[in-house]
Peer 1: 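Here it is, the structure, as structure tokens.
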Amino acid sequence: MSRTRIRDLPGAAEQEVVLKGWLYNRRSSKKMHFLQLRDGSGIVQCIVTRDDVGEDDFAQIGQIPYESAIELKGTAHADDRAPGGVEVHTSAVAVISAAEDYPIAKQDHGPDFLLRHRHLWLRSRKQVALMHIRDEVIRAIRDSMHELGFTCIDAPIFTPNSCEGTSTLFEVDYFDDEKAFLTQSGQLYMEAAAMALGDVYCLGPTFRAEKSKTRRHLTEFWMFEPEMAFADLDDVMDLAEQMLTRIVSRVLEHRQDDLEVLERDIEKLRNVTAPFPRISYSEAVDRMNAQGHSFEWGGDLGAPDESIISSWFDSPVMVHGYPEEVKAFYMKRDPDDPRIACGVDVLAPEGYGEIIGGGQREDDLDVLLARIQQHQLSEEDFRWYLDLRRYGSAPHGGFGLGVERTVCWIAGIEHVRECIPFPRMLYRIYP
RNA sequence: UCCCCGGUAGCUCAAUUGGCAGAGUAGGUGGCUGUUAACCACUUGGUUGUUGGUUCGAAUCCAACCUGGGGAGCCA
């Protein structure tokens with residue numbers, strides 16, 4: 001008899017089924033056990049009565065430790081008293097592997113304990129729901145990119161130098177005397193790919209050796225980076241807006257159950273509809289000053305400033321046109337105002353902060369050369385990158401979207417560390 | 001790197017002014033005719049992060065170190 005997944009039980013009413021899973025919880029009285037069985041596809045209540053299985057088996061089933069792997073035979077029945085509306089009347093239970101005392105209880109735990117038990121924490125209900133949502137976000141990205149005609153181009157993980165020359169990188173030994181670094185962005189390679197295939201993207205891990213200790217930072221995180229040839233800043237903002245609305249509506253459509261497990265306020269997600277507000281850096285600075293938050297034009301927006309700006313709106317907000325001094329060397333300057341860079345940051349609502357950063361890239365060889373010298377970067381290191389401006393340079397742009405930050409916002413989670421299966425953070429690399 | 005907060009039972013926490021180290025939960029035993037974080041009774045469980053200092057007396061005060069959390073900077 002073939003095994004039934006718990007998620008398929010509503011379609012198997014009054015049928016005999018075999019379930020395989022782990023004992024999640026149990027409540028017992030003298031003649032009945034209520035077993036909560038989970039198998040990754042769902043959780044179901046299984047009824048065991050002393051009359052059905054006999055005295056000995058009944059006592060034995062009452063002793064099975066939590067999280068033991070078991071095989072259970074029974075009949076599915078619709079029942080309003082059961083959580084989920086379906087329960088299984090059990091005829092036999094076989095223990096596949098008895099568990100030792102399970103460390104994670106049905107009570108609150110601190111973050112340190114949970115992170116040290118991440119391999120087991122992943123089994124809990126909310127974490128399963130969160131991984132479903134992460135999976136849905138990534139699939140929404142890939143499917144949308146495919147529908148929009150973009151080609152997936154994987155960027156290398158080992159790189160010979162910094163992409164921006166600013167962030168701290170993880171250094172590793174390459175062969176012989178060479179040094180290599182773990183990538184902090186695939187963008188420069190996507191620019192090369194865009195000149196080959198037009199519309200491209202990458203989606204993969206990226207590494208920052210910054211000693212950041214906040215709920216928004218991971219040492220290793222996943223980034224989605226689309227890049228488009230023959231595109232300007234407006235095209236980049238249009239794509240960012242379209243991708244975020246597609247991702248959110250897809251999660252709302254397919255993962256409502258998981259959002260409910262996480263007790264997410266779904267109405268807030270329904271506010272995420274195009275068009276998103278677009279506000280220039282200068283407008284944002286003026287408005288902050290008008291509200292009494294004094295801010296001098298020319299500085300970069302800090303996290304508290306971003307919170308103020310995003311609090312003005314219910315949906316993500318796009319802040320564009322930053323002072324060029326605070327942005328990377330490759331960002332194109334506004335042709336109408338050389339003090340301004342054609343960059344955009346997207347700030348998520350509800351205080352989740354920056355989830356996207358991007359913009360139009362500098363496509364003029366001489367300007368780029370001057371910028372590399374000004375930032376004291378090695379021209380030799382960027383020779384291949386400069387080649388892109390020598391052979392048919394075209395206006396182009398794109399952005400980077402932080403996958404975990406996006407999942408964190410959509411799922412309404414406190415900290416990005418829960419939004420990746422095995423988080424790597426400052427001083428935390430176990431398990 | 002800097003600023004703030006914490007570390008007490010397996011886990012989550014309490015302990016008044018410096019005066020006998022305690023609950024809940026998990027584990028164990030027993031009870032209970034449909035439980036919903038089941039419930040009820042009993043019960044095992046301690047080098048109070050480490051080292052040193054002050055004191056008649058330190059979980060409590062002081063110093064250093066270890067370790068965790070939040071934030072700044074940096075960014076997605």
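Labels below follow one simple rule: chain letters A, B, ... track the order of the sequence lines, proteins then strands, and each chain is numbered from 1. The model shown is predicted, which means the values in this text are computed figures rather than measured ones.
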Peer 1: What's the CZ-P distance between A/Phe34 and B/U33, to the nearest Å?
Peer 2: 12 Å
Peer 1: Look at all strands and tell whether A/Asp345 reaches a base, only sugar-phosphate, or nothing, counting heavy atoms closer than 4.0 Å.
Peer 2: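 Nothing, no heavy atom under 4.0 Å.
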Peer 1: What's the closest nucleotide to the A/Glu306 side chain, out of B/G34, B/C75, B/G69?
Peer 2: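 Out of B/G34, B/C75, B/G69, the nucleotide with an atom closest to A/Glu306's side chain is B/C75.
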Peer 1: Is B/C56 paired to anything, Watson-Crick or G-U wobble with both distances less than 3.5 Å, and if yes, which nucleotide?
Peer 2: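 Base partner found: B/G19.
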Peer 1: To the nearest Å, give me how far apart OH (A/Tyr201) and P (B/A76) are.
Peer 2: 20 Å
Peer 1: At less than 3.5 Å, do the side-chain atoms of A/Arg405 and the base atoms of B/C75 form a donor-acceptor pair?
Peer 2: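 In this structure, the two groups form a donor-acceptor pair.
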Peer 1: Would you indicate which nucleotide in B/U1, B/U12, B/G34 comes nearest to any side-chain atom of A/Lys211?
Peer 2: B/U1
Peer 1: Which nucleotide in the set B/C74, B/C75, B/U12 lies at the smallest distance from any side-chain heavy atom of A/Ser212?
Peer 2: B/C74
Peer 1: Ring centroids only, cut at 6.0 angstrom: are A/Tyr281 and A/Trp297 within range, meaning strictly under it?
Peer 2: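 Ring centres of A/Trp297 and A/Tyr281 closer than 6.0 Å.
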Peer 1: Would you say A/Ser29 places a side-chain N or O within less than 4.0 Å of OP1 or OP2 belonging to B/G34?
Peer 2: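 So the side-chain polar atoms of A/Ser29 do come within 4.0 Å of the phosphate oxygens OP1 or OP2 of B/G34, strictly under.
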Peer 1: For A/Asp305 and B/C74, what is the distance between atoms CG and P respectively, to the nearest whole Å?
Peer 2: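 Rounded to the whole Å, the gap is 11 Å.
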Peer 1: Decide yes or no, distance alone: a donor-acceptor N/O pair under 3.5 angstrom between the base of B/G34 and the side-chain of A/Glu87.
Peer 2: yes
Peer 1: Looking at B/U29, B/G69, B/C74, which one has an atom nearest to any side-chain atom of A/Gln63?
Peer 2: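 Taking heavy atoms from C-beta onward, the closest nucleotide is B/U29.
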Peer 1: Among B/G69, B/A72, B/A76, which nucleotide sits nearest the side chain of A/Ala303?
Peer 2: B/A72
Peer 1: Measure the acute angle between the ring planes of A/Trp384 and A/Tyr189, then classify it against the limits of 30° and 60° as parallel, tilted or perpendicular.
Peer 2: parallel
Peer 1: Are the aromatic rings of A/Phe382 and A/Phe329 close, with centres under 6.0 Å apart?
Peer 2: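 Yes; A/Phe329 has its ring centre under 6.0 Å from that of A/Phe382.
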Peer 1: Between B/G70, B/A72, B/G69, which nucleotide has the shortest distance from any of its atoms to the side chain of A/Pro304?
Peer 2: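 Closest nucleotide among those given: B/A72.
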Peer 1: Taking any heavy-atom pair under 4.0 Å as a contact, classify A/Arg417: base, sugar-phosphate, or nothing.
Peer 2: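 It contacts sugar-phosphate atoms only.
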Peer 1: Under 4.0 Å, counting only non-hydrogen atoms across every strand here, what does A/Gln45 touch: a base, just sugar-phosphate, or nothing?
Peer 2: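 The residue A/Gln45 makes base contact.
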Peer 1: Atom CG of A/Leu37 to atom C1' of B/U35: distance rounded to whole Å?
Peer 2: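 Distance check: A/Leu37 CG to B/U35 C1' gives 16 Å.
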Peer 1: Measure from the side chain of A/Lys30, starting at C-beta and using heavy atoms only, and say which of B/U35, B/A72, B/C32 lies closest.
Peer 2: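 Among the listed nucleotides, the one closest to the side chain of A/Lys30 is B/C32.
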Peer 1: Side chain of A/Lys31 only, heavy atoms from C-beta on: which candidate in B/C75, B/U33, B/C74 is closest?
Peer 2: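 Among B/C75, B/U33, B/C74, the one nearest the side chain of A/Lys31 is B/U33.
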Peer 1: Between A/Arg118 and A/Glu418, does the salt bridge (charged side-chain N to carboxylate O under 4.0 Å, His left out) criterion hold? Intermediate values first, please.
Peer 2: CA-CA 9 Å; A/Arg118 181 56 172 173; A/Glu418 291 185 45; 5.7 Å; no
Peer 1: Give A/Ile104 one of three labels, base, sugar-phosphate or nothing, depending on what nucleic acid heavy atoms sit under 4.0 Å from its own.
Peer 2: nothing
Peer 1: Which part of the nucleic acid does A/Tyr24 contact within heavy-atom distance under 4.0 Å: base, sugar-phosphate only, or nothing?
Peer 2: nothing
Peer 1: Separation of A/Trp121 atom CH2 from B/G10 atom C1', in whole Å?
Peer 2: 18 Å
Peer 1: For the side chain of A/His217, starting at C-beta, report the closest nucleotide among B/C11, B/G34, B/C75.
Peer 2: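 Selected nucleotide (nearest to the side chain): B/C75.
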Peer 1: Contact class for A/Arg125 vs. all strands (heavy atom < 4.0 Å): base, sugar-phosphate, or nothing?
Peer 2: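 Result for A/Arg125 = nothing.
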Peer 1: Between B/U12, B/G70, B/A72, which nucleotide gets closest to the side-chain atoms of A/Arg216?
Peer 2: B/A72
Peer 1: Using a 4.0 Å heavy-atom cut-off, does A/His415 contact any base of the nucleic acid, only the sugar-phosphate backbone, or nothing at all?
Peer 2: sugar-phosphate
